[in-house]
Amino acid sequence: MSDSKAIIRLCYPILIERFNHKTLLIKLHEVQFDIAPATLTNIKKVIIEGNPERKISLSKELLKEAAKAFILVIELNWPLKYDPATHEFIKLENTDSEPENTSNQAHGIIIYQDGRRSTSEKIQFIKNAKKEIIEVGIRLHTFSQYFTSRRKSEFRDHIEQLLKKGVNMKCLMMDPASEMTRLYFMDRAKALPKEAKAYEQMPQILDDLKKIKEDLNQLGHPGQFKLFTYENFPYNHYMMVDPEEDNGKLLLSSYIHGIIRADCPVMEIRKNTARVTFNTYLKSLQMILEEAKEV
């Protein structure tokens with residue numbers, strides 16, 4: 001964005017007409033822009049009012065991300081589309097059409113229709129965790145490959161920084177030796193034959209995750225990486241951040257028969273905007289954790 005300040009000046013009056021300061025913070029969090037209340041106030045003082053009480057430093061990167069988030073909040077909550085060529089918002093004629101970014105929002109829940117989020121989106125989602133991250137999958141194959149097949153700067157470095165800050169990470173996969181796991185993959189293979197081979201790979205994936213756990217914990221950071229297996233029938237993939245905190249959040253994808261896991265739609269649920277739904281999934285996750293075995 002060529003002029004982040006100009007975009008912020010364009011967006012702020014629209015946003016503040018409907019949202020107060022607290023609600024605007026929530027809306028910004030919903031689009032994965034985690035900003036402190038004081039920082040939003042500083043943006044208002046410097047960019048909108050142009051007369052701060054004291055010298056306030058706002059980085060170009062912060063303003064760029066703020067501008068992008070402001071536009072996204074407006075496009076999700078108004079029948080408007082930002083036109084970078086004219087530096088204006090254009091009113092959409094057909095307000096019933098779905099947004100072009102393939103995400104829909106209702107009752108504080110964002111639905112990503114295009115499936116699994118990218119590595120960078122996941123990093124953005126977890127980067128401000130304060131206490132705990134919980135990842136629950138079937139094989140955690142994609143997760144393990146973030147460590148074994150990607151540059152450290154893409155994923156591993158971010159996890160190490162979180163551990164360094166004292167954030168704990170729990171990872172849960174189905175027990176490769178469980179009869180439940182075998183039956184699950186036999187059923188999956190009826191529609192997706194490649195799932196039979198996916199099942200055979202699970203012992204090696206577990207060994208890879210054990211090595212990742214060992215390597216990370218040897219760093220001696222305050223945060224710990226913990227690995228578990230479970231035998232429950234799998235219904236959802238979870239990536240949950242700080243579940244016990246008021247600003248806890250969750251990326252959740254339900255498993256669909258005959259559909260590869262990467263293509264299953266993803267829901268982003270925030271505790272402070274969809275508390276009942278968030279706590280329902282948290283309760284289910286807690287029951288899985290109670291029966292899981294640490295390895």
Side-chain angles (χ1 to χ4, degrees), residues 25-36 39 61-62 65 68-69 72 103 108-112 114-173 209 212-213 215-217 219 221-228 236-253 261-262 264-274 277-279 281-282 285-286 288-289:
L25 282 167
I26 292 171
K27 292 297 180 181
L28 291 169
H29 283 234
E30 287 175 359
V31 296
Q32 299 187 28
F33 182 56
D34 294 326
I35 182 173
T39 305
E61 185 61 28
L62 170 67
E65 292 301 313
K68 289 165 60 178
L72 189 51
S103 70
I109 299 172
I110 300 174
I111 301 175
Y112 299 98
D114 53 345
R116 180 182 291 157
R117 309 326 295 150
S118 67
T119 309
S120 60
E121 287 173 312
K122 289 184 177 181
I123 290 298
Q124 180 71 19
F125 188 76
I126 67 175
K127 70 176 186 178
N128 293 319
K130 298 294 187 293
K131 293 184 178 180
E132 184 177 45
I133 300 166
I134 305 172
E135 174 107 7
V136 183
I138 294 176
R139 301 191 306 156
L140 293 184
H141 184 225
T142 301
F143 179 83
S144 69
Q145 287 190 316
Y146 291 155
F147 292 90
T148 60
S149 303
R150 302 287 187 93
R151 297 191 308 273
K152 286 186 64 178
S153 60
E154 287 186 54
F155 192 81
R156 184 186 179 112
D157 286 350
H158 298 279
I159 298 302
E160 289 185 13
Q161 284 300 313
L162 287 164
L163 295 174
K164 193 173 182 178
K165 292 194 306 182
V167 177
N168 293 311
M169 187 157 199
K170 294 178 181 176
C171 293
L172 290 80
M173 67 174 284
L209 288 167
I212 292 166
K213 169 193 168 182
D215 290 346
L216 290 173
N217 288 337
L219 297 172
H221 295 317
Q224 289 290 299
F225 184 99
K226 295 185 177 182
L227 179 63
F228 300 81
N236 304 296
H237 177 275
Y238 298 80
M239 176 178 271
M240 190 169 274
V241 177
D242 293 334
E244 303 300 332
E245 303 298 305
D246 283 339
N247 62 345
K249 53 188 178 179
L250 166 66
L251 285 178
L252 180 128
S253 178
R261 287 179 283 277
C264 294
V266 176
M267 289 193 296
E268 180 180 329
I269 306 168
R270 302 226 171 201
K271 191 174 184 178
N272 54 15
T273 56
T277 302
F278 183 93
N279 285 336
Y281 284 110
L282 175 58
L285 176 56
Q286 287 170 334
I288 296 172
L289 280 165

Holding to side chain to side chain donor-acceptor pair (under 3.5 Å), I want the full list of residues that pass it with [X], two or more places apart in sequence or in another chain.
{"X": "K170", "value": "E132"}
{"X": "K249", "value": "D34"}
{"X": "K152", "value": "none"}
{"X": "N272", "value": "none"}

Minimum-distance pair of heavy atoms, taken over all atoms of [X] and [Y]:
{"X": "P243", "Y": "L282", "value": "CB-CD1, 3.6 Å"}
{"X": "I133", "Y": "I126", "value": "CD1-CB, 3.9 Å"}
{"X": "A274", "Y": "I109", "value": "CB-CG1, 3.9 Å"}
{"X": "N128", "Y": "D242", "value": "O-OD2, 4.5 Å"}
{"X": "T39", "Y": "I35", "value": "CB-CG1, 3.7 Å"}
{"X": "L28", "Y": "A69", "value": "CD2-CB, 3.8 Å"}

With rounding to the nearest 0.5 angstrom, report the [atom1] to [atom2] distance, [X] to [Y].
{"X": "I269", "Y": "F278", "atom1": "CD1", "atom2": "CZ", "result": "8.5 Å"}
{"X": "N236", "Y": "L252", "atom1": "CG", "atom2": "CG", "result": "4.5 Å"}
{"X": "T277", "Y": "L250", "atom1": "OG1", "atom2": "CG", "result": "10.0 Å"}
{"X": "L25", "Y": "F33", "atom1": "CG", "atom2": "CZ", "result": "10.0 Å"}
{"X": "R116", "Y": "T119", "atom1": "CZ", "atom2": "OG1", "result": "9.5 Å"}
{"X": "I134", "Y": "L289", "atom1": "CD1", "atom2": "CG", "result": "5.5 Å"}

Taking the side chain as every heavy atom from C-beta outward, state whether [X] and [Y] have any pair of such atoms under 4.5 Å apart.
{"X": "C171", "Y": "L209", "answer": "no"}
{"X": "L216", "Y": "F147", "answer": "yes"}
{"X": "R270", "Y": "H29", "answer": "yes"}
{"X": "D215", "Y": "F225", "answer": "no"}
{"X": "M173", "Y": "H141", "answer": "no"}
{"X": "N168", "Y": "K226", "answer": "no"}

For the residue pair Y281 and Y238, categorise the inter-ring angle as parallel (less than 30°), tilted (30 to 60°) or perpendicular (more than 60°).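 Perpendicular: the ring planes of Y281 and Y238 meet at over 60°.
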Strictly distance-based, threshold 3.5 Å: is any side-chain N or O of Q124 a donor or acceptor partner for the main-chain N or O of Q32?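 Indeed, once roles are kept as given, a pair shorter than 3.5 Å links the two residues.
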I'd like to know if K131 pairs up with E245 as an ion pair, taking the criterion as any Lys NZ or Arg NE/NH1/NH2 lying under 4.0 Å from an Asp or Glu carboxylate oxygen. yes
Would you list the atom pairs, donor with acceptor, under 3.5 Å between side chains in residues 158-167 and any protein atom, with sequence neighbours excluded?
{"from": "H158", "atom 1": "NE2", "to": "S153", "atom 2": "O", "distance (Å)": "3.2"}
{"from": "E160", "atom 1": "OE2", "to": "R156", "atom 2": "NE", "distance (Å)": "2.8"}

Among pairs that include at least one residue of residues 135-144, which meet salt bridge (Lys or Arg N to Asp or Glu O under 4.0 Å), considering only residues two or more places apart or in two chains?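 For residues 135-144, and leaving out neighbouring residues, there are no salt bridge (Lys or Arg N to Asp or Glu O under 4.0 Å) pairs at all.
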Evaluation steps, side-chain contact (heavy atoms from CB on, under 4.5 Å), between N279 and K271: CA-CA 8 Å; N279 285 336; K271 191 174 184 178; 3.7 Å; yes
Honestly, is R117 close enough over F125, meaning NZ or CZ under 6.0 Å from the six-membered ring centre and within 45° of the axis?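 Ring-cation test returns no.
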In terms of heavy-atom contacts, does NZ of K213 have more than 12 from other residues, nucleotides or ligands at under 6.0 Å?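 Correct, the count exceeds 12.
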